[in-house]
Each structure stands twice: as C-alpha cells, then as structure tokens.
Trainee: 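Here you go, one structure.
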Amino acid sequence: MGGLMKDETETIRIAPWMRIITKDSGLNVDELLPASGSFYVARLNGQDMPDEVSTFQRFWEFLKFPEYFGWNWNAFYDCLRDLQWLSADYHILIIESAESVISEDDVAREEFFRSLWRAGQGWSYIKRPEGVTLSKFSVILSCGKGAASSLAIQLSEFQDQSSA
C-alpha cells in the first residue's frame with residue numbers, strides 16, 4: 001500500500017486518476033473537477049449495480065456506450081479507453097456507494113475495478129517539465145468510512161501489479 005496517500009481533505013489518492021472519498025468527509029466533489037476545459041461527468045450509484053448486467057446497463061446509459069458495445073469485460077474496458085463519442089477534454093466518473101458495486105461476485109467485482117484502473121492508467125500522461133502525472137479520465141469512488149480502507153487495499157493491488 002506504499003502508493004496510497006491521504007491528503008488534507010481526508011480522501012485517499014490511489015493514483016492520479018483514482019480517489020476514494022468518504023460520504024462524511026465534507027469534501028464537495030466539485031472541488032475535484034478540472035479548473036478549465038470541457039468535461040463530461042457521469043454520476044452513478046453502486047447500489048444500482050449489484051451484478052455484471054446491471055453494471056453494463058448503467059455504464060451504457062450514463063457514458064452513452066455505442067450500440068456495438070459487446071456486454072462483456074473486454075468490451076467494457078475498450079469503451080472506457082475510447083469515449084470519443086463524448087466530446088469533452090476530461091471524463092469524470094463518480095460512483096457513489098462504491099462498496100456496493102457487484103458486491104456478491106468477487107471475480108466480476110475485481111474485473112470491474114481492474115477495468116477502471118487500466119482505463120485511468122491508459123488516459124494518463126506526464127506533464128513536462130514538472131513531471132506530474134495527469135489524466136483525462138478520473139474516477140471518484142464515494143463510500144462509507146468503514147469501506148474506504150478495504151477498497152483502498154483492493155485497488156492498491158492493481159497499482160502494485162502495474163509497477164512490478
């Protein structure tokens with residue numbers, strides 16, 4: 001869990017493109033939006049995504065996935081990596097009650113979060129000369145305080161895998 005950082009607002013920064021905030025953190029999600037440029041924000045609720053099918057359905061609706069979306073994890077990731085049909089400089093995905101997403105299927109849940117992780121990583125770039133990693137795709141996961149630590153540990157495993 002070496003890459004995890006808590007900042008002054010009590011959010012957990014998993015990566016430049018992924019944060020966990022707790023419902024009672026007092027942070028206004030708008031504070032995490034880009035300062036300039038056009039952006040597309042999709043706000044979903046994890047309680048509306050108890051399984052793979054409902055998760056695909058919600059993303060298809062909220063991120064306007066194309067008709068050719070294949071309704072499987074590879075197609076899900078491909079769509080997250082493309083998003084060219086949404087004319088915006090930045091894409092922000094807010095998932096409230098993130099601890100509830102696909103909560104009964106550990107394999108599908110891991111695939112879901114891995115897809116978000118890989119998409120964020122793929123949209124990232126290094127700003128020169130500062131050397132700061134920025135991303136045009138950000139994921140903000142909101143959950144209860146008790147769930148934040150376990151979710152952070154799960155997500156940090158992806159970071160460990162990608163740096164190995």
Trainee: For F69 and A75, work out which heavy atoms get closest and say how close.
Mentor: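 Closest approach of F69 to A75: CE1-C, 3.6 Å.
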Trainee: Minimum heavy-atom separation for I102 to A108, with atom names?
Mentor: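 Of all heavy-atom pairs spanning I102 and A108, the closest is CG2-CB, 3.7 Å.
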Trainee: Measuring from atom CD1 of I12 to atom CZ of R19, what distance do you get when rounded to the nearest 0.5 angstrom?
Mentor: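 I12 CD1 to R19 CZ: 11.0 Å, rounded to 0.5 Å.
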Trainee: Walk me through it: do D51 and D105 pass the test side chain to side chain contact (heavy atoms under 4.5 Å, CB included)?
Mentor: CA-CA 7 Å; D51 54 42; D105 184 343; over 6 Å; no
Trainee: If only atom types and distance count, is the side chain of R109 paired as donor or acceptor with the main-chain N or O of E104 below 3.5 Å?
Mentor: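 Judged by distance alone, no pair lies under 3.5 Å.
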Trainee: Check Y77, W73, F76 against E111 for a side chain to side chain contact (heavy atoms under 4.5 Å, CB included) and give me the one that passes.
Mentor: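 Running side chain to side chain contact (heavy atoms under 4.5 Å, CB included) over Y77, W73, F76 with E111 returns exactly one hit, W73.
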Trainee: After noting the C-alpha distance and the side-chain angles of K136 and F39, does the key distance pass the side chain to side chain contact (heavy atoms under 4.5 Å, CB included) rule?
Mentor: CA-CA 9 Å; K136 292 184 173 265; F39 50 90; over 6 Å; no
Trainee: Distance from E67 atom CD to K64 atom NZ, nearest 0.5 Å?
Mentor: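 One finds 13.0 Å between CD of E67 and NZ of K64.
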Trainee: Flag yes if Y68 and F62 sit in one hydrophobic cluster, no otherwise; membership is Ile, Leu, Val, Met, Phe, Trp, Tyr, and two members link when side-chain heavy atoms are under 4.5 Å apart.
Mentor: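 Looking at the clustering, F62 is in the same group as Y68.
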Trainee: In terms of hydrophobic clusters joined by side-chain contacts under 4.5 Å, are Y40 and W85 together?
Mentor: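 Linked, Y40 and W85 end up in one cluster.
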Trainee: Can the ring centres of F65 and F56 be said to be less than 6.0 Å apart?
Mentor: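 No, the ring centres sit 6.0 Å or more apart.
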Trainee: Report yes if the side chains of V139 and I14 come closer than 4.5 Å at any heavy-atom pair, otherwise no.
Mentor: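 No - every pair of side-chain heavy atoms lies 4.5 Å or more apart.
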Trainee: Could you go step by step and tell me if L141 and L155 meet the side chain to side chain contact (heavy atoms under 4.5 Å, CB included) rule?
Mentor: CA-CA 11 Å; L141 304 168; L155 295 170; 3.5 Å; yes
Trainee: Going hydrophobic residue to hydrophobic residue with side-chain gaps under 4.5 angstrom, can you get from V101 over to W71?
Mentor: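 Looking at the clustering, W71 is in the same group as V101.
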Trainee: Considering non-hydrogen atoms only, spot the tightest contact between F112 and I95 and give its length.
Mentor: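 Reported closest heavy-atom pair: CZ-CD1, 3.7 Å.
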Trainee: Indicate yes or no for a side-chain donor-acceptor contact from S38 to the backbone of D89 under 3.5 Å, with no hydrogens or angles considered.
Mentor: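 Yes; judged by distance alone, with no hydrogens or angles, the pair exists.
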Trainee: Please give me the minimum heavy-atom distance between A98 and L151, naming the atom from each residue.
Mentor: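 Distance-wise, the nearest heavy atoms are CB-CD2, 4.1 Å.
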Trainee: Any idea which heavy atoms bring S150 and A147 closest together, and the distance?
Mentor: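 Between these two residues, the closest heavy atoms are OG-O, 3.1 Å.
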Trainee: What pair of heavy atoms forms the shortest contact from H91 to A88, and how long is it?
Mentor: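 The answer is CE1-O, 3.8 Å.
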Trainee: Under 4.5 Å between side-chain heavy atoms, counting indirect links through other Ile/Leu/Val/Met/Phe/Trp/Tyr residues: same cluster for L80 and L86 or not?
Mentor: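 Yes; L86 is reachable from L80 via cluster members.
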Trainee: Quick one: pull up CG in L83 and CG in L93 and give me the separation to the nearest 0.5 Å.
Mentor: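 Between atom CG of L83 and atom CG of L93 there are 9.5 Å.
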